Amino acid sequence: MTLKQVDSTNNFLKIILSNSKPVPEGTVIMAEDQYAGRGQRENQWHAEPGKNLTFSILLRPSFLSATDQFDLTRAVSMGVFEALEPILGAPLKIKWPNDIYYADKKLGGMLIENILQGSHIKNAIIGIGININQDNFTDKAGNATSVKQILQKDYDLKNILSEICSHVEAYYLHLKAGRIDFVRNIYLSRLYWLNKEGQFRSNGKVFTGMIKSVTDSGLLVVESNGEEGIYNLKEIEFLNK
Ligand code: BTN
């Protein structure tokens, strides 16, 4: 379903889930103009109307326990990555936990909101925002880029949307079939700054470190001065050039 205008496609999906009509798994809600998009860490997500992909997919991974939630993040990140890689090539990476990066710039991101039932996931709202045909970004957007800025041409939003949905589905089916190690390994191999020295900040301290792995539950493992530190999203920041 495409909406002309909505605050946030994630909010919209949440609302229709709480209404009485059943919402089928795989429902995709796309917005032409999402005027109050939400990002990670309580950030806002800005996207010029009509030029970018802002959408949410409903999944019901009842086979995943709450402790394995990060496997869904891995699967969706890989789906988005593999849909965009044929267009953009090698500089494409996944910046932990789930940003899509081209060289040192952010092309998009996702906000996955899981609704738990007991120790399992009942509904997963997979919100994805990818910059496609936007030419300019305000300074507020930091280091954002778009497919258009990289390749100097416009792309059809619906085509890219359908590529992303089919690749996300393929990875979701890997998870469902229990191919967890495959998903974990391929996600790790696509990580930005994996086994490379980079500058990080944690607890107000800047340090040089190297990403070594991601724990099963999704924490980042960074080695610095021969010691490994384990961080959650709020505890570590990448200091990009
Ligand atoms: C991030 O990088 O901080 C995550 C951005 C996620 C944005 C998408 S756009 C569609 C969906 N609806 C929202 O309100 N947010 C997500």
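Note that ligands are numbered from 1 as they come in the structure, with each ligand's atoms numbered from 1 the same way. Since this is a predicted model, take the numbers as computed values, not measurements.
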Trainee: My understanding is that only one of Arg60, Glu25, Lys14 makes a side-chain hydrogen bond (donor to acceptor under 3.5 Å, both in side chains) with Asn123; could you say which?
Mentor: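 Only one option passes, and that is Arg60.
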
Trainee: Are any protein N/O atoms closer than 3.5 Å to the N/O atoms of ligand 1? If there are, list each pair with names and the distance to one decimal place.
Mentor:
from: ligand 1; atom 1: 2 (O); to: Lys106; atom 2: NZ; distance (Å): 2.6
from: ligand 1; atom 1: 3 (O); to: Gln40; atom 2: N; distance (Å): 2.7
from: ligand 1; atom 1: 12 (N); to: Thr9; atom 2: OG1; distance (Å): 3.3
from: ligand 1; atom 1: 12 (N); to: Gln34; atom 2: OE1; distance (Å): 3.0
from: ligand 1; atom 1: 14 (O); to: Ser8; atom 2: OG; distance (Å): 2.7
from: ligand 1; atom 1: 14 (O); to: Arg38; atom 2: N; distance (Å): 2.8
from: ligand 1; atom 1: 15 (N); to: Arg38; atom 2: O; distance (Å): 2.7

Trainee: Output the distance between atom CZ (Phe55) and atom CE (Met110), rounded to the nearest 0.5 Å.
Mentor: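 Phe55 atom CZ to Met110 atom CE measures 8.5 Å (nearest 0.5 Å).
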
Trainee: Might you confirm whether atom NZ of Lys212 has over 12 heavy atoms from other residues, nucleotides or ligands at distances under 6.0 Å?
Mentor: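 Yes, the 6.0 Å shell around NZ holds more than 12 heavy atoms from other groups.
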
Trainee: Can the positive tip of Lys95 be found less than 6.0 Å from the middle of the six-membered ring of Phe238, inside 45° of the ring normal?
Mentor: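 So Lys95 does make the cation-pi contact.
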
Trainee: Testing Asn11, Asn43, Asn10 one by one against Arg38 for a side-chain hydrogen bond (donor to acceptor under 3.5 Å, both in side chains), which residue passes?
Mentor: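 The option that passes is Asn11.
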
Trainee: Is the shortest side-chain N to carboxylate O distance from Lys4 to Glu32 below 4.0 Å?
Mentor: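 Salt bridge: yes.
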
